[in-house]
Amino acid sequence: MEITNVMEYEEIAKKKLPKMVYDYYASGAEDQWTLTENRNAFSRILFRPRVLVDVSHIDGTTMVLGFKISMPIMIAPTAMQKMAHPDGECATARAASAAGTIMTLSSWATSNAEEVASTGPGIRFFQLYVLKDRNVVAQLVRRAERAGFRAIILTVDTPRLGRREADIKNRFALPSYLTLKNFEGLDLGKNYKTNDSGLTTYAAEQTDRSLSWKDVKWLQTITTLPILVKGVLTAEDTRLAIQAGAAGIIVSNHGARQLDYVPATIMALEEVVKAAQGKIPVFLDGGVRRGTDVFKALALGASGVFIGRPVLFSLAAEGEAGVKKVLQMLRDEFELTMALSGCRSLKEITRDHVMTEWDRPRILPRL
């Protein structure tokens, strides 16, 4: 079957994966309202295309934290990718590198930072959960630094894990033949007790509920890497992130897996962008499935987007080749959207290229 869009990979993955694994990747928190809304909200933003612009040359390249990438589409951190495919995170890293874009490795990966680094050159970021034992956190950061990772993405929306009812029903556990590789070889201290699920249980139980803005400052004392704060949805927290020295913000609701009934990320984006006032870049993840979604995010002020589930589903379906195809399809669709909107480069994409529900009518009807 010829795959023509990103969504088609989900159907294939659903057939191929064990129910427990598919549900873990696909489900959201509680009623899954935000999960649906992350997608639906994009469909309520419409284009205002400009015509008769010479679009014979389209340049989709951009800079992220000083690194030049081929397109404003990057790979979000997603846990336990070897459940999808035996090559797991290494396949994803190779696909991202081939596409000339950034891959983010999850703390809770089934391949470690060194294995991912050994796949060859590429710009990679490391996603961090802060655990109660700060010594373990410092070891994780050092591990990422030594392996050549270029930024830390600090996830801040998980002081506790959201209620994902599919995982409760399925009694989700990492399959026994896999392990959370980034924690292997670390000094896990007195808190670590080995049991059947070992590292997985350890990591979940060790997530620190006391995490606060002072910990963002503390992280800057143990690393020179830029820190992106992932999980911000409000202007208030945007201002605090800037005060705390964040190098950037990722507007994210954790793939709708944490607090249900938060807005879709595309709906929260503009509030965050306005509060950031151009001081630091703002990125978006959640619900991106089309090149049109990428354009809409950029028109509303994002510097780029991260994709999560499309990577997992294409990895499950076709391994590395699937992830490459997803990145290529999104890039092609995005560049087509640019051309049909009359934009030759990212800097030409403006707020005037989209209309949203909250825009005032531009021309008032005569009474």
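In what follows, every heavy atom counts, from backbone to side chain, and hydrogens, waters and symmetry copies are set aside.
Listed by chain and number, the residues in a side chain to side chain donor-acceptor pair (under 3.5 Å) with Asp157 are His254 (sequence neighbours excluded). With sequence neighbours left out, Asp215 forms a side chain to side chain donor-acceptor pair (under 3.5 Å) with Arg134. Residues satisfying the ring pair (Phe, Tyr, Trp, His ring centres under 6.0 Å) test with Phe67, not counting sequence neighbours, are none. Listed by chain and number, the residues in a side chain to side chain donor-acceptor pair (under 3.5 Å) with Arg344 are Glu348 (sequence neighbours excluded). Among residues two or more places apart in sequence or in another chain, the side chain to side chain contact (heavy atoms under 4.5 Å, CB included) test is passed with Lys324 by Ala95, Ala98, Glu320. Looking at residues two or more places apart in sequence or on another chain, you find no side chain to side chain donor-acceptor pair (under 3.5 Å) involving Thr238. The ring pair (Phe, Tyr, Trp, His ring centres under 6.0 Å) check on Tyr22 picks up Phe313, with sequence neighbours excluded.
Annotation: ring-ring contact (aromatic ring centres under 6.0 Å, His included) contacts involving residues 203-234, sequence neighbours excluded, are absent. Applying the ring-ring contact (aromatic ring centres under 6.0 Å, His included) test to pairs two or more places apart or on separate chains, none has a residue in residues 76-100. Screening residues 259-279 for ring-ring contact (aromatic ring centres under 6.0 Å, His included), with sequence neighbours left out, gives Trp33-Tyr261.
A donor and an acceptor atom, one from each side chain of Thr265 and Asn253, are nowhere located under 3.5 Å apart. Trp108 and Gln127 form no side-chain donor-acceptor contact under 3.5 Å, judged by distance and modelled atom types alone. Arg163 and Gln258 share no donor-acceptor pair across their side chains, judged by distance under 3.5 Å alone.
Under a 4.5 Å side-chain heavy-atom criterion applied to ILVMFWY residues, the cluster that includes Met63 comprises that residue alone.
Taking a cutoff of 4.0 Å between a charged side-chain nitrogen and a carboxylate oxygen, Glu10 and Lys14 do not qualify as a salt bridge.
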Enumerate donor-acceptor pairs with a distance under 3.5 Å from any side-chain N or O in residues 142-150 to protein atoms, sequence neighbours excluded.
from: Arg143; atom 1: NE; to: Glu114; atom 2: OE1; distance (Å): 3.0
from: Arg143; atom 1: NE; to: Glu114; atom 2: OE2; distance (Å): 3.0
from: Arg143; atom 1: NH1; to: Asn182; atom 2: O; distance (Å): 2.7
from: Arg143; atom 1: NH1; to: Glu184; atom 2: O; distance (Å): 2.8
from: Arg143; atom 1: NH2; to: Glu114; atom 2: OE1; distance (Å): 3.3
from: Glu145; atom 1: OE2; to: Thr223; atom 2: OG1; distance (Å): 2.5

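Residue-environment remark: NZ (Lys325) exceeds the threshold of 12 foreign heavy atoms within 6.0 Å.
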Step by step, would you call Asp285 with Lys230 a salt bridge (charged side-chain N to carboxylate O under 4.0 Å, His left out)? CA-CA 9 Å; Asp285 78 14; Lys230 175 178 181 283; 3.7 Å; yes
